[in-house]
Every structure is written in structure tokens, then in C-alpha cells.
Amino acid sequence: MPTTKREHPASAAPLDEAGLRDLILEIIDENHVMCVATVRSDGWPHATLVNYLRLGRALYFVIARESQKFANITQDSRVSVALGGGLGADGGVRGLSMAARAIEISDPARIEEINQAIFRLSKTAGFRPHPSSVLVAVMEVRPSLISVIDYAVPPGRRDLVRAVEDWRIEHVQPIQS
């Protein structure tokens, strides 16, 4: 479900909510690996890299049931996600960080739909789940807050948005220190 790459204006003009949503989905589609940070039982963060798949406006990843990541999410569904980086063709860095909830998908019909989407991907699509166990969990990331950076557009843009039902985007005012 890749989005179409759009031409960027010469300056970081404000985007409306639909434009920001499109930019977020575009950045998600440019990447295949994200960092997921969970909260360990001792309160420390635990950050690991996972492959992900976007279907519509949902992000999915697969983890081993005996992993620390799964135990942490089972205990506290709050996660932080970061993806992006690297220099694009225009030399600009683009990325996202998200405050989100990770939930296990247990509906067999939904799991089958996700499996079929994975099987339809080309071998070059970048999604390569590889838990070290036959006992895996399919997880869905549901973002609450999304921070967007896009330095492909001079002088760069930074936006903080709230993702509400079905990823409708609302601007959030930055916290002043």
C-alpha cells in the first residue's frame, strides 16, 4: 500500500491534516524496520528493532511469545516507536516517533488477512519477520501521538499530531519549557 511520493515545496509551509496524514504514511512506507521501546518490569525502557508491515493505517509486527518485548507489552501496552532516518534522494532526513499502544491480534480471520498480505509482498518489500520461536504473537501498533520530522523540505518541518480514530490527524501545540 505505498503512497505516491509528492514534490515538496521550496519551504516548509504548514500542511493541513490530510497533508500531514499523507506525509506520515509516506514516511512509514519508505521504511521497513522500526525501533519499539517497551517498559520493563523494573521501569527501564527496552528498545529493539522489528520489521513491520503497514496495512491501511495499521502497523503490524511479529514477536516471540517468550521474548522480553512480549512480556513487557503484556504488562504495559504503552510503547514508543521510532522509524526513519537515513538520507533520502534529496539529502533530507525524514522520520517519525510515536507514543502508541501495542495490542495482540488474536482474531484468526484478521491474522489470516495479515498473513495473506505478507504472502503477496514481493521478496524485495523489506518485511522479514524472524522471531526465534514457533510461538509468535502478531502485534498491532495504535499510535496516539506522532512527531514528524522532515528535513527534505528546507528549512525542515517538525509537527506534533494526535492520531484519533482511524488515524484522523489533529495538531498538538508543542509544550513550552
Side-chain angles (χ1 to χ4, degrees), residues 1-40 43-63 69 72-73 76-105 114 117 121 125-127 138-177:
M1 322 293 147
T3 57
T4 304
K5 197 156 210 125
R6 34 175 227 294
E7 293 299 316
H8 291 289
S11 66
L15 291 175
D16 62 12
E17 292 172 359
L20 267 172
R21 185 183 55 246
D22 290 347
L23 176 61
I24 289 166
L25 294 175
E26 190 176 291
I27 293 169
I28 289 170
D29 288 343
E30 289 173 355
N31 296 277
H32 304 292
V33 176
M34 64 185 179
C35 178
V36 176
T38 60
V39 181
R40 291 180 359 170
W44 284 92
H46 175 246
T48 57
L49 296 174
V50 297
N51 286 282
Y52 67 89
L53 171 71
R54 180 175 78 83
L55 286 179
R57 295 205 170 84
L59 300 178
Y60 297 95
F61 64 96
V62 179
I63 56 176
K69 188 170 29 248
N72 295 345
I73 291 170
D76 185 341
S77 66
R78 294 176 301 160
V79 298
S80 289
V81 171
L83 60 92
L87 294 178
D90 54 11
V93 174
R94 294 167 22 131
L96 305 173
S97 62
M98 301 181 204
R101 298 271 178 190
I103 61 160
E104 182 178 3
I105 301 300
I114 294 164
L121 290 175
F127 183 72
V138 177
M139 308 301 290
E140 179 179 331
V141 173
R142 295 186 179 176
S144 298
L145 289 174
I146 304 171
S147 178
V148 181
I149 61 163
D150 183 1
Y151 292 109
V153 181
R157 77 169 326 107
R158 292 170 301 285
D159 292 285
L160 180 62
V161 297
R162 182 176 321 283
V164 291
E165 197 61 36
D166 196 29
W167 283 42
R168 188 169 50 83
I169 302 299
E170 297 175 345
H171 280 281
V172 174
Q173 295 302 316
I175 298 172
Q176 301 297 322
S177 49

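Counting heavy atoms from C-beta outward, Val138 and Phe61 have side chains that stay 4.5 Å or more apart. Met98 places a side-chain heavy atom less than 4.5 Å from the side chain of Leu96. In this structure, Arg157 and Ile149 have side chains that are not in contact, with every pair of non-hydrogen atoms separated by 4.5 Å or more. Under the 4.5 Å side-chain criterion, counting only non-hydrogen atoms from C-beta, Leu59 is not in contact with Glu140. Two residues are said to be in side-chain contact when any heavy atoms from C-beta on lie closer than 4.5 Å; Ile146 and Ile24 meet this criterion. At a threshold of 4.5 Å between non-hydrogen side-chain atoms, the residues Met34 and Thr48 do not count as touching. Counting heavy atoms from C-beta outward, Ile63 and Val36 have side chains that stay 4.5 Å or more apart. In this structure the side chain of Leu83 reaches within 4.5 angstrom of the side chain of Ile27, judged on heavy atoms.
Atom CZ of Arg101 sits about 6.5 Å away from atom CG of Asp76, to the nearest 0.5 Å. In this structure, CD1 on Ile28 lies 6.5 Å from OH on Tyr52, to the nearest 0.5 angstrom.
Counted by atom type alone, Thr38 and Lys69 present zero donor-acceptor pairs between their side chains at under 3.5 Å.
Cys35 approaches Ala47 most closely through the heavy-atom pair SG-CB, 3.7 Å. Between Asn31 and Gly84, the closest heavy-atom pair is OD1-CA, 3.4 Å.
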>> I'd like to know whether Met139 forms a side chain to side chain contact (heavy atoms under 4.5 Å, CB included) with Ile73, so could you lay out the CA-CA distance, the side-chain angles of the two residues, the decisive distance to 0.1 Å, and finally the verdict.
In response: CA-CA 10 Å; Met139 308 301 290; Ile73 291 170; 3.5 Å; yes
> What do the steps show when you test Leu25 against Arg54 for side chain to side chain contact (heavy atoms under 4.5 Å, CB included), and what is the final call?
Replying inline: CA-CA 9 Å; Leu25 294 175; Arg54 180 175 78 83; 3.9 Å; yes
>> Leu23 vs Arg94, test: side chain to side chain contact (heavy atoms under 4.5 Å, CB included). Steps then yes/no.
In response: CA-CA 10 Å; Leu23 176 61; Arg94 294 167 22 131; 3.6 Å; yes
>> Does Arg158 form a side chain to side chain contact (heavy atoms under 4.5 Å, CB included) with Tyr151? I'd like the steps, not just the answer.
In response: CA-CA 9 Å; Arg158 292 170 301 285; Tyr151 292 109; 3.5 Å; yes
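Qualifying side chain to side chain donor-acceptor pair (under 3.5 Å) partners for Ser144, counting only residues two or more places apart in sequence or in other chains: none.
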